[in-house]
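These notes concern the structure reproduced below.
Since we're looking at a predicted model, the values are computed, not measured.
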Amino acid sequence: TPLLYEVATGELPFSRSQSASALVRGASVDFAEDILASYSAIVWKHSRVCQVDSEKRSVLCEDGTVMEYDRLVLSVGCAIATYGISGASSYAIPLKTIEHALQIRDVLHRLFAECMRGTRKRLDVVIAGGGASGVETAAELAHFLRHRCQRGKNQMGFHITIVEASSEILSQFSPRVRSTARRRLSSLGVTMATSMCVTEVNPQAVHIRSVNGEETILPADACIWACGLEPNSLIATLPFKQDGKGRLFVDATGRVQGQ
């Protein structure tokens, strides 16, 4: 998700009108069609795959197009995992696409406008998930708010909280990286609520619970969801062996087992 943080905070100017539809929907580059068009052996088709027939070696697209293949590369990406948490899909904003970043920017602009009118004195942001995406989002947002909230006649305070279920942020990284990140986030005023799980998200707050069952309610003008990913819904329809979480079994070369 490079540069999405800058779009979300407004540091990188970007508008919905300037992005191609493919970019808004999740494509990585808006000029992909021009690049691919320069190679005569490559056909670019913008569509959604809705079915794979491994016996007939064909792919069915949502527009009805059937495409045959000799080799199939599965690179459909992942979906946002909300784990059935109440309100998460309705009130939390992920940070995975340009559209998500623009949603966050719109929320920040609205809150800043309230500050300028003198109707708001504080901004509370909760980031669900203390992995790489959550930590980088928190740092970028804290840096941005530090400079913006203290400007002008009506200054506004802010508070950012990272909620992480494990005992450490960046749990998959080395102790040295985790320690450095903690020091940096603390210096930016970010609170790290570790060993805490999100149980509910609503328009005004995020409910969290500790490992010993203690409940806490965090005020939240915005909740950014960085809790993790789950397999794309297409994977569940494939006739290939999967584990309990819906992930495909592959060999050492990345080939789907049995294929």
Side-chain angles (χ1 to χ4, degrees), residues 1-2 4 22 24-28 45-101 103 127-137 162-173 194-201 206-209 211 223-259:
T1 53
L4 288 186
V24 173
R25 293 173 185 172
S28 58
K45 180 175 179 59
H46 188 193
S47 186
R48 186 183 300 274
V49 174
C50 56
Q51 184 179 335
V52 175
D53 190 327
S54 60
E55 293 186 359
K56 295 182 179 180
R57 306 179 76 83
S58 65
V59 170
L60 173 65
C61 298
E62 64 179 352
D63 62 0
T65 302
V66 176
M67 306 178 71
E68 297 182 345
Y69 65 84
D70 295 310
R71 296 286 187 273
L72 177 65
V73 177
L74 292 172
S75 55
V76 294
C78 296
I80 303 298
T82 56
Y83 310 107
I85 295 172
S86 175
S89 60
S90 300
Y91 302 114
I93 307 174
L95 187 55
K96 189 173 185 290
T97 68
I98 286 292
E99 187 60 32
H100 294 149
Q103 288 179 39
I127 298 174
S133 293
V135 167
E136 189 168 356
T137 300
I162 296 176
V163 179
E164 169 57 40
S166 65
S167 60
E168 286 280 354
I169 61 168
L170 300 176
S171 58
Q172 295 181 329
F173 290 80
T194 54
S195 299
M196 304 289 284
C197 295
V198 175
T199 58
E200 180 186 342
V201 182
V206 174
H207 296 237
I208 61 176
R209 180 186 299 136
V211 291
C223 176
I224 299 174
W225 198 259
C227 280
L229 303 170
E230 61 186 10
N232 187 291
S233 59
L234 174 69
I235 301 300
T237 70
L238 301 180
F240 308 137
K241 186 178 180 181
Q242 302 171 23
D243 67 6
K245 296 183 177 181
R247 299 173 298 189
L248 295 173
F249 285 98
V250 298
D251 62 21
T253 66
R255 185 192 298 268
V256 175
Q257 287 188 7
Q259 299 299 306

Which pair of heavy atoms, one from [X] and one from [Y], lies closest together, and at what distance?
| X | Y | result |
| --- | --- | --- |
| Gly228 | Tyr83 | CA-OH, 3.8 Å |
| Ala128 | Val198 | CB-CG2, 4.0 Å |
| Ile162 | Val135 | CD1-CA, 4.2 Å |
| Ile208 | Met196 | CD1-CE, 3.3 Å |
| Cys78 | Leu229 | CB-CB, 3.7 Å |
| Ser54 | Pro239 | OG-CG, 3.6 Å |

Walk me through it: do Thr194 and Ser167 pass the test side-chain contact (heavy atoms from CB on, under 4.5 Å)? CA-CA 5 Å; Thr194 54; Ser167 60; 5.5 Å; no

[atom1]/[X]: more than 12 non-hydrogen atoms of other groups inside 6.0 Å:
| X | atom1 | value |
| --- | --- | --- |
| Lys45 | NZ | yes |
| Tyr91 | OH | no |
| Gln172 | CD | no |

Would the distance check show the side chain of [X] and the main-chain N or O of [Y] forming a donor-acceptor pair, the cut-off being under 3.5 Å?
| X | Y | result |
| --- | --- | --- |
| Thr137 | Ser133 | yes |
| Glu200 | Val206 | no |
| Asn232 | Val76 | yes |
| Lys96 | Ala226 | no |
| Thr237 | Leu234 | yes |
| Glu164 | Gly130 | yes |
| Thr97 | His100 | yes |

Give, for atom [atom1] of [X] and atom [atom2] of [Y], the distance between the pair rounded to the nearest 0.5 Å.
| X | Y | atom1 | atom2 | answer |
| --- | --- | --- | --- | --- |
| Ile224 | Ile127 | CD1 | CD1 | 5.0 Å |
| Cys197 | Arg209 | SG | CZ | 8.0 Å |
| Gln259 | Leu238 | CD | CG | 9.5 Å |
| Arg255 | Arg71 | CZ | CZ | 6.5 Å |
| Asp53 | Leu60 | CG | CG | 9.5 Å |
| Gln257 | Phe240 | CD | CZ | 12.0 Å |

Quick one: are [X] and [Y] in side-chain contact, heavy atoms under 4.5 Å?
| X | Y | result |
| --- | --- | --- |
| Phe249 | Val256 | no |
| Leu72 | Val59 | yes |
| Leu248 | Leu74 | yes |

Please name the residue in the list His46, Met67, Arg48, Gln51 that meets the side-chain contact (heavy atoms from CB on, under 4.5 Å) test with Cys61.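 Only match with Cys61 under side-chain contact (heavy atoms from CB on, under 4.5 Å): Met67.
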
For residues Glu168 and Ser166, is any side-chain donor paired with an opposing acceptor at under 3.5 Å?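 Distance-only check fails for Glu168 and Ser166.
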
side-chain contact (heavy atoms from CB on, under 4.5 Å) between Trp225 and Val201, intermediate numbers included: CA-CA 10 Å; Trp225 198 259; Val201 182; 4.0 Å; yes

